Number of protein chains: 2
Amino acid sequence: MQLLSMHGKDTMGLRERKKQATRRALQEAAVRLTLERGLEHVTVEEIAAEADVSPRTFFNYFATKEDALLGDVPAAPDEEVRRVFVEGGPTGGFVDDLITVLTASLISSEGLAAHREAMLLRKRLMEREPQLVPGMLGRFHNVEQELSRAIAERTGTSPEDERPQLVAATAMAVTRHTVKCLHLKEGESVADVRAVLRSAFRHVGEAYAPSDD
Amino acid sequence: MQLLSMHGKDTMGLRERKKQATRRALQEAAVRLTLERGLEHVTVEEIAAEADVSPRTFFNYFATKEDALLGDVPAAPDEEVRRVFVEGGPTGGFVDDLITVLTASLISSEGLAAHREAMLLRKRLMEREPQLVPGMLGRFHNVEQELSRAIAERTGTSPEDERPQLVAATAMAVTRHTVKCLHLKEGESVADVRAVLRSAFRHVGEAYAPSDD
DNA sequence: GAGAAATCTTGCATGGCATGCAATTATTGA
DNA sequence: TCAATAATTGCATGCCATGCAAGATTTCTC
């Protein structure tokens with residue numbers, strides 16, 4: 001994720017490049033073998049063999065087999081995006097700005113196209129191996145906590161006020177739902193994702209609004 | 001959970017009573033030892049020893065060590081409660097009826113007092129051992145899917161309409177938040193829990209409502 | 001109650017996950 | 001080129017989890 005933004009390929013020595021390659025090879029092998037045979041029928045030993053490293057080396061890159069499968073998304077939102085949000089930007093509208101943070105966390109800086117294939121694979125993984133779902137939920141939960149802090153800072157609530165946690169929890173629920181329902185078509189843009197999110201937030205607001213029902 | 005409601009103590013033979021006792025002993029031992037020493041420093045062997053059964057027997061009761069720790073809550077809502085909800089009851093107000101289903105899922109039929117201690121222990125477990133959080137989230141996720149189906153039935157939406165999923169996801173997020181923030185004081189009643197839930201739903205509605213902001 | 005049937009417990013063996021440690025190998029920088 | 005730094009590897013270990021078959025216990029039937 002930092003390979004293109006912060007480091008030019010030149011500033012990366014041979015050692016660093018090899019590490020990135022090994023990491024990607026391990027991830028790719030883990031996902032591919034799991035989709036082929038099912039999680040139970042893939043051993044760390046086999047994954048390592050596919051990536052041409054020793055089984056022991058696998059655990060220098062990933063703490064668990066699950067880690068190699070789930071990847072790095074969603075990640076904590078970009079530091080710059082977070083700062084802007086905390087200071088009340090970029091538009092001033094709470095939901096719109098929330099959506100900016102959420103898309104940044106989901107898609108990172110490289111754009112949707114770069115993640116499309118990875119997202120598709122992860123989706124198929126979840127369907128084929130439901131045992132992975134709790135781990136994925138845990139990752140969203142980590143982002144949720146980060147988001148909760150950002151919301152608290154932006155709104156200036158006192159630390160014991162638990163409403164930012166509530167808003168963060170529901171916002172991440174909306175995000176998970178949106179990711180699950182994304183069609184991931186070729187032409188889909190970030191703006192499309194934003195629109196789906198906006199519509200989902202509106203629907204939630206209507207469902208629980210005190211005025212209706 | 002069914003011991004008091006469906007089965008009188010008399011209808012349960014010796015075998016069944018022993019099984020329940022062993023199950024509870026294993027759960028109790030697992031939780032106590034984990035809170036004392038931390039999850040990494042408790043083996044299945046030790047848990048089984050505390051419950052006076054062989055290590056092998058542990059796995060006749062629980063598929064994993066985590067299973068013994070997390071227990072049975074939240075469970076899928078009671079069948080009767082679900083039926084009433086699907087048919088548009090008990091009050092006809094969506095949020096109120098949703099709250100009825102959610103509290104039924106959290107607290108089961110024995111009332112809050114019976115669960116108070118167990119909930120407290122589980123809360124301390126989550127704080128002490130964050131590795132357990134994904135597993136707990138997974139359990140909420142299972143209830144979420146059940147709830148999603150119930151909402152779809154109640155509202156009569158078509159199967160491909162994904163809004164029931166969205167509502168279920170956010171409702172469970174509200175529920176998780178509420179459980180986390182419950183004070184679990186001695187005098188707290190189910191009505192108090194309902195009130196906290198209602199207030200949380202209202203706040204979510206306001207945060208995402210199209211009218212405000 | 002005695003014996004047969006069903007069910008639960010246990011021991012044993014197995015395979016895979018994950019970690020620590022020390023030796024080896026590869027990259028970097030002077 | 002040589003020393004310093006960092007990554008890879010093999011080995012040993014402990015624990016989790018499962019399958020299987022033998023033994024013990026409860027239940028059912030007469």
Side-chain angles (χ1 to χ4, degrees), chain A residues 3 7-27 29-31 33-34 36-70 125 129-132 134-135 138, chain B residues 3 7-27 29-31 33-34 36-70 125 129-132 134-135 138:
Chain A
L3 8 176
H7 303 294
K9 204 164 82 184
D10 308 339
T11 75
M12 253 194 327
L14 172 61
R15 184 175 276 165
E16 193 64 20
R17 261 182 292 132
K18 275 194 173 179
K19 267 175 65 179
Q20 306 266 0
T22 300
R23 185 180 177 83
R24 296 182 71 86
L26 285 169
Q27 280 184 327
V31 171
L33 291 178
T34 300
E36 280 173 17
R37 307 185 205 161
L39 187 52
E40 326 275 69
H41 304 95
V42 178
T43 68
V44 168
E45 201 170 352
E46 290 169 318
I47 297 170
E50 289 280 311
D52 271 308
V53 293
S54 77
R56 185 61 185 85
T57 295
F58 176 91
F59 290 106
N60 291 339
Y61 285 87
F62 302 102
T64 69
K65 196 163 66 165
E66 219 189 65
D67 264 15
L69 289 168
L70 295 184
L125 265 184
E129 304 292 336
Q131 335 161 26
L132 295 174
Chain B
L3 9 177
H7 303 295
K9 206 164 80 184
D10 310 337
T11 76
M12 253 194 324
L14 172 61
R15 183 173 275 164
E16 193 63 20
R17 261 182 293 133
K18 274 193 175 180
K19 267 175 65 178
Q20 307 265 1
T22 300
R23 185 180 177 83
R24 297 183 71 85
L26 285 169
Q27 281 183 325
V31 171
L33 290 179
T34 301
E36 279 173 18
R37 309 183 204 163
L39 186 53
E40 328 276 69
H41 303 95
V42 178
T43 68
V44 168
E45 200 171 353
E46 290 168 319
I47 297 171
E50 289 278 313
D52 272 309
V53 292
S54 77
R56 185 62 184 84
T57 296
F58 176 92
F59 290 106
N60 290 340
Y61 285 86
F62 302 101
T64 69
K65 196 163 66 167
E66 220 189 65
D67 264 13
L69 288 169
L70 295 184
L125 264 184
E129 304 292 336
Q131 335 160 27
L132 296 175

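Every chain is numbered from 1 and lettered A, B, ... according to where its sequence line falls, protein lines coming before strand lines. Note that this is a predicted model, so its numbers are computed, not measured.
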Peer 1: Could you state the interatomic distance from OG1 (A:Thr57) to CZ (A:Phe62), rounded to the nearest 0.5 Å?
Peer 2: 12.0 Å
Peer 1: Show the nearest heavy-atom pair for residues A:Leu39 and A:Lys65, with the distance to one decimal.
Peer 2: O-NZ, 3.5 Å
Peer 1: Return the CG to CD distance between B:Leu70 and B:Gln27, rounded to the nearest 0.5 Å.
Peer 2: 10.0 Å
Peer 1: Nearest whole angstrom, please: distance from the P of C:dA6 to the NZ of B:Lys19.
Peer 2: 16 Å
Peer 1: Could you go through nucleotides 28-30 of chain D and list every protein N or O atom that sits under 3.5 Å from one of its N or O atoms, giving the distance for each pair?
Peer 2:
none

Peer 1: Just the rounded figure in Å: distance from P of D:dA7 to CZ of A:Arg17.
Peer 2: 15 Å
Peer 1: Closer than 4.0 angstrom, basic N to acidic O: yes or no for B:Glu45 and B:Arg56?
Peer 2: no
Peer 1: Can you tell me if B:Tyr61 touches the phosphate of C:dC8, counting only side-chain N or O atoms and a distance under 4.0 Å to OP1 or OP2?
Peer 2: no
Peer 1: Might you point out which heavy atoms bring B:Ala48 and B:Leu26 nearest each other, and give the distance in Å?
Peer 2: CA-CD2, 4.1 Å
Peer 1: Measuring to OP1 and OP2 of D:dT9, would you say a side-chain N or O of A:Ser54 lies under 4.0 angstrom away?
Peer 2: yes
Peer 1: Can you measure from CG (A:Leu33) to CD (A:Glu50) and round to the nearest 0.5 angstrom?
Peer 2: 5.0 Å
Peer 1: According to side-chain contact (heavy atoms from CB on, under 4.5 Å), who are the partners of B:Lys18, at least two apart in sequence or on a separate chain?
Peer 2: B:Leu14
Peer 1: For B:Glu46 and B:His41, which heavy atoms make the closest approach, and how far apart are they?
Peer 2: OE1-O, 3.6 Å
Peer 1: Would you mind building the protein contact string for nucleotides 17-27 of chain C? One character per nucleotide, 5' to 3', B for base within reach (heavy atoms under 4.0 Å), S for sugar-phosphate only, - for untouched.
Peer 2: SBBBB----BB
Peer 1: How close or far is atom C1' of D:dC16 from atom CD of B:Glu40, stated in whole angstroms?
Peer 2: 13 Å
